[in-house]
Each structure stands twice: as structure tokens, then as C-alpha cells.
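Order of the sequence lines fixes the chain letters, A, B, ..., with proteins taken first and strands second; residue numbering starts at 1 for each chain.
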Protein chains: 2
Amino acid sequence: MSNPTIYDVSRLSGVSTATVSRAFSEPERVRETTRRRVYEAASALNYQPSAIARAMARQRTDKIAFLICKKGATILDEFYAGICEGVMRRANSLDYQLIVSTAEDWQRIPQSKQIEGAILAGDAQPDLIAEFQRQNVKVVLANHVSPGFDLPCIIADEYDGVRQALSHLVAQGHRQIAMLAGRFSSYITSERYNAFLAAMKELGLSLDESSILMCERDAESAVQAARALLDRPNRPRAVFAFNDVLAAGVIKAARRLGLRLPDELAVVGYDDSSVCQLLEPELTSVHVDCRRMGELCMDRITALLHGETDVPRRTVVPVSLRVRSSA
Amino acid sequence: MSNPTIYDVSRLSGVSTATVSRAFSEPERVRETTRRRVYEAASALNYQPSAIARAMARQRTDKIAFLICKKGATILDEFYAGICEGVMRRANSLDYQLIVSTAEDWQRIPQSKQIEGAILAGDAQPDLIAEFQRQNVKVVLANHVSPGFDLPCIIADEYDGVRQALSHLVAQGHRQIAMLAGRFSSYITSERYNAFLAAMKELGLSLDESSILMCERDAESAVQAARALLDRPNRPRAVFAFNDVLAAGVIKAARRLGLRLPDELAVVGYDDSSVCQLLEPELTSVHVDCRRMGELCMDRITALLHGETDVPRRTVVPVSLRVRSSA
DNA sequence: CAAGCTAATGTAAGTGCTTTCATCAATGGC
DNA sequence: GCCATTGATGAAAGCACTTACATTAGCTTG
């Protein structure tokens, strides 16, 4: 019942275990004929090298973790799922095993996980990072920058995303643009906010304090906020929402007021999540290539693991506005 | 630089490695005072037992895999992400490590992964299952039933879901109900289809061949299909869509035709995905507790791993209609 | 207080690979 | 044909734990 070991293969093929081992991990170092003998024996026995034993001997586990650090976020968040998907793809093709978890769950368990690297997505707590560094685990940050640490991080071009969105609205003739943001706690959202201020200035648009709105991060709060905004006597004709869920809220509110989109109200979202194409009108949104971000994370981790020292610290992935019918 | 081992702790605390080992894995078997000495030494050295070495010695890895088997599906599919989330939660709290991947990616890599169990979500290929069984890996199926195998599987109550949806429409006075399904290839969707036929019959509704529609699985196809349906002289007043994306397509089509919902057209979706609350009107949909499904999968796996023999083979999780404003 | 018993601890043999170093075979240059 | 070289293979020592079994310490009890 127990699995065949390298000894069984060694015996059956008549070569030493060293050769069997080499036949599997460095085939070019063993002669063609012997190699074939080994493979035959192996498949006859249905042998597969044990990853555990290998890890033990090599002192490497080929295991890395993807942790969602944003509070309350899970793999159900499309954005993080997208990054995860990218990481997963790359991890699989590089033959790394990927452990997926949230930072909270992860920290609840004392047991050492023997990972070689960790990709932290979202606002990673400094003490988590420090802990990993102490354990000599390589760390890469996704969608976050942690000032205190000198780590590779992969972020989207917030500034350009906001600029593209606003430029588009301007091109449609809008000059009065309201902004709706979820109450933000994360590095990235405040980054986006700064980008908004900067872009408004750059485009020469006046920034009316009253048209900067904050709400909770669910659609219903967005509806409320949007409603208040749209009820004003001098309501804005364009709204830039910090994410698609909020944008959907704005659209809902507009619909309920009987406004025609995009004529009477233009709406732009952010993230280009799957909901954009399900709304009517379809939502114009800033597309962020989160899969790509995930892939880059994995690339940085492997570079670190290979001992490379000149790993880029800050990689900004380009974004692009997907123009649809909401603006 | 290298991590401290059990020997270091043994030396520092003045007890044997066996005792150190026990102090960590069966604390009750070592005297209070010694235990404390061991812990002190361990924390002084910043020692953490190596999961690898432990796995090696114990012949257990505490590692299980969650594989998305549905073709083309990824962790970005909200439904699978939900199951994954449930599995993850439970896995973490039970101190199992979870490897997440798609079945395709998984099979591309020959290397043995040393997992003890696998949770296969969606239509798992028989040969994949057989392969796992051959390797003595415990298997549980999520959202799928594979007739050829005697495996625990966790599925949602398709029949009841459809029945609830249709009953609700009937309660609203509808008698002519059209159905829109994505071209289905999976076990579950055909199950849902059968449930639809059965429920229609049970409710005494006439089933007009022409009001059973199929389309591709994206929103745009649904729009096309719905448009054709709604253009008919004698158009139906209610549509039951097989999932929320299709339902969103129907709503889009209806909006474009200027129909008022739910008065002129009632729409019910399936899955209760996050989009339901973002649409206007909000989409009435059949809620499936996929997190729960994931948790149950994990429970079944652990039962199997503990050698229990009377593990339930077929667990049906209840569903419930979330009534909103689209119907 | 010795015997007997149990609880606590130690000894050492796995666990299945990798890898260093040594050995041996084969090849080529002269 | 001999010696230096290179390439292929083997022997054996880890890697960091667990655990069966042996041993010892600590109590109880008559």
C-alpha cells in the first residue's frame, strides 16, 4: 500500500539511488540509456518522487503563500481573485505550490508553514512583514507600498487611471465632476484620492469641496450618497466613482430619479470588474490588469528566491480606460 | 542563518529531542516543569518545528488541494470563489494547508504534490478522480456528482431552488414563464434543467417549447436571446434565468426595449451573486450558500482522513430565494 | 524500606530524498 | 599503447523530525 521509494526504483533498475535521483532532477547528467532504464522501472512501479523528502533534503519547499491582507477582504473580492489568478498561473507553471489564505487566518496558526516566499496583497501590517523577514521568507507586496520596508511591490498606475477617466469626461464636455469614494483606509485608495486632486488640477478643473463625497463601501451607501448629490439644485453632470460597486450605486440612484445616462449623468467607475458589462448602461471603467499584477508578483518572488539582488522595487502596471456607454 | 533545529532546543534545555518533540506535539505527555524549560529554550532560540521534517517523519502532510474542475472556470468565478472561501476557512482552522489551483494547471505538472485529500469543484474528469484514488488521495466532490464513483459529494438543492423561483413567479400571477439557460455541459446545469421541467409540471404550468431558450454563457448572448424572446408578439411576462449573468442580460434587453420591471417583465436569476444588488431593479435570485458547501467539503475530507467509513455520500445544502425587486 | 507500578524521559532507528566526494569507465592526444 | 581528462556512477552522510522500545525516576503500599 505504501508508495514506492527511490530504493525500489534503484533496485529494479539496477542503478544506485543517486542515479535515480539525478535521472529525475538533472536528467542531462545521466546517460541516455541508464536514464531510460530508470524511467522504465519508475513507471513500472508507478513511482513518483516524494516532494516532502525532496524538500527535506534540499532544504527548499518550493512553496509560497498568497495572503490577502486587506481587512475584511476575501478571495471573493474580484480584484484580489484576479491577482490570485495571475499568481496561481505563474506559480503552477514554475512548479511552485501556492498556499492561499487571508492574513488573518494565516496568523491564527502558530505552526511554521515552511514557505519560501509570501505575496502580500493589500495593506500588509508591518509586523507581519517583519515576522516574515525574521523567518527569512521573501516578501513581495501587491497593490500596496510599505514605506518602512525595502521590498518589491507591484502597483497599478493610479495616477494615470484617474487621469484617463477624468480626461475622458472632459472630452465629453464635462467640467464639473463629482467624486465618490468609499471611506478609505488603504494605502491605495488614498493614493487614488491624491491622484484625483492632482489630475483635476492638471486638467484645469475647479475642485468644489462639496462635490467630493465619501460613503461606506457598499452599493447601498453609494445610492444614498449619490441621491443626496443628485438632489441638489445644481447637480453635477458627471461622477467619477472610486470603484465599480460605488459606480453601480450611482447608476441605481440615477435610474430611480429617472435620469437618462449618459446624457443627463455620466458615470465612470474603477477596476473594470465583471459587473461593468452587466449594467445598463454598461459602465465605463478604468481597467486594471490584476492578473498581470499577480504574474509580476510571482516573477519578483522567484527573482528574490534565485538570490538576485537587483530586483525592481517598484513596478507600476499600466491601466487603461474601457469606454462603454455610461460616459 | 540557518534555522534552529530540535537538537539546539534539546541541548539548551537539557532534555532529549524526543522530549522536545513531545513537548510540542503531545504536551500532556511531558511534565509541566520540563515542558516549561523546553518552551523557554525554544523561544530563546526562536525555534519553530519544521513542518517538512514533521511531515517526513509522520508520513502525513496535512496538505489538501482545492481544484476547480469546470472547464474555463477560475477563482474569478464568484461561485467557485465562494466554495473556496468556505474550504479555506475550515482548512485554516483545522490547520490544514490548502493548495488552490485549477484542474488543468494541476495536471500539467507531473511532480507529485503529496496531498492527502482533494476537493474537486465542478465537473471532475473521471480519470482525474481515478488518478487520485490510485494515489490513495481522498476525494470529495463539490457541486458535482460522478456516477461511476462512490464519493462524498456536496451539492445544492437544485430542485428546490428552481421550485422556489417558479413558485414565487406563480404567486405573482405569472403562468407563462420562459426559461433562459446557458448552453450547459455540466452535470449541475442539466440537473437544473430537469428540475425546471419537473417544477413546471408540479406547478401545473404549461410548457411551451418555444419559451425554452439557450444561449452562450455570457451576458451579450443573453441579451440577444432575450431580445428575440421579447420581440415576439406574444411575449412572456416572466423569465427564469439559469444564472445571474444571464438574468442581467435579460434585464439589459428589457431596458433597451423600454420595458418597466417588474411590471412588464419579471426576471429571476440564480446563484445570488454580488451583481444582484448592483442591478436596477435589484435581482431576485436563488441564493446558494457556497461557503457552506466549501465547509462541508472540508468536513467530509477530514472525516475520510480520520478513517471514518460512514461518511455521507450525498449532502444536499438547502437554498433559498432572495426576493428583491426584479420579480 | 523494598517491591511494584506508573509516569517521564532517553535511545536510536527510521522517513525518502539530495549531494559531496570518491571511484571507475571511456575518450583523446601524443 | 599510455596517461591525462572528462563524464558517468556509486557510497554514504546528511536533512529535522517522530516514535517504538528501553530505561529511569518517582510514588504508593504492605
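At most 12 non-hydrogen atoms from other residues, nucleotides or ligands lie less than 6.0 angstrom from CZ of Arg314(B).
Here the side chain of Arg313(B) pairs a donor or acceptor atom with the backbone of Asp150(B) at under 3.5 angstrom. In terms of modelled atom types and a separation under 3.5 Å, the side chain of Arg90(B) and the main chain of Gly294(B) share no donor-acceptor contact. A distance-only check finds a donor-acceptor pair linking the side chain of Glu116(B) to the backbone of Thr61(B) [under 3.5 Å]. Side-chain atoms of Ser146(B) never come within 3.5 Å of backbone atoms of Phe149(B) as a donor-acceptor pair (strictly under, hydrogens ignored). Judged by distance alone, the side chain of Glu191(A) and the main-chain N or O of Glu158(A) form no donor-acceptor pair under 3.5 Å.
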Provide a list of protein-nucleic acid N or O atom pairs under 3.5 angstrom, restricted to nucleotides 18-22 of chain C.
unit_1: dT18(C); atom_1: OP1; unit_2: Arg54(A); atom_2: NE; d: 2.8
unit_1: dT18(C); atom_1: OP1; unit_2: Arg54(A); atom_2: NH2; d: 3.1
unit_1: dT18(C); atom_1: OP2; unit_2: Ser21(A); atom_2: OG; d: 2.1
unit_1: dT18(C); atom_1: O5'; unit_2: Ser21(A); atom_2: OG; d: 3.4

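Rounded to 10°, the helix from dC1(C)-dG30(D) to dC30(C)-dG1(D) has 30° between the axis fitted to its first five pairs and the one fitted to its last five.
Following rounding to the nearest Å, Asp8(A) (CG) and dT15(C) (P) show an atom-to-atom distance of 11 Å. In this entry the distance linking CZ of Arg35(B) with P of dA7(C) reads 15 Å, nearest Å. In this structure, the CD atom of Gln59(A) is 14 Å from the C1' atom of dG16(C), given to the nearest Å.
Judged as a salt bridge (Lys or Arg N to Asp or Glu O under 4.0 Å), the pairs with a partner in residues 9-29 of chain A (not counting sequence neighbours) are, in order, Asp8(A)-Arg11(A), Glu26(A)-Arg29(A). Contacts classified as ring-ring contact (aromatic ring centres under 6.0 Å, His included) and involving residues 15-46 of chain B (residues at least two apart or in different chains) are given here: Phe24(B)-Tyr39(B), Phe24(B)-Tyr47(B). The stretch residues 138-149 of chain B participates, sequence neighbours left out, in no salt bridge (Lys or Arg N to Asp or Glu O under 4.0 Å) pair at all.
Counted by atom type alone, Asn92(A) and Ser101(B) present one or more donor-acceptor pairs between their side chains at under 3.5 Å.
Counting 5' to 3', DNA chain D first comes under 4.0 angstrom of a heavy atom of chain B and last does so at the ends given by dA16(D) to dA20(D).
Nearer the 5' end of DNA chain D, as judged by each residue's closest nucleotide, is the contact made by Glu28(A), out of Met56(B) and Glu28(A).
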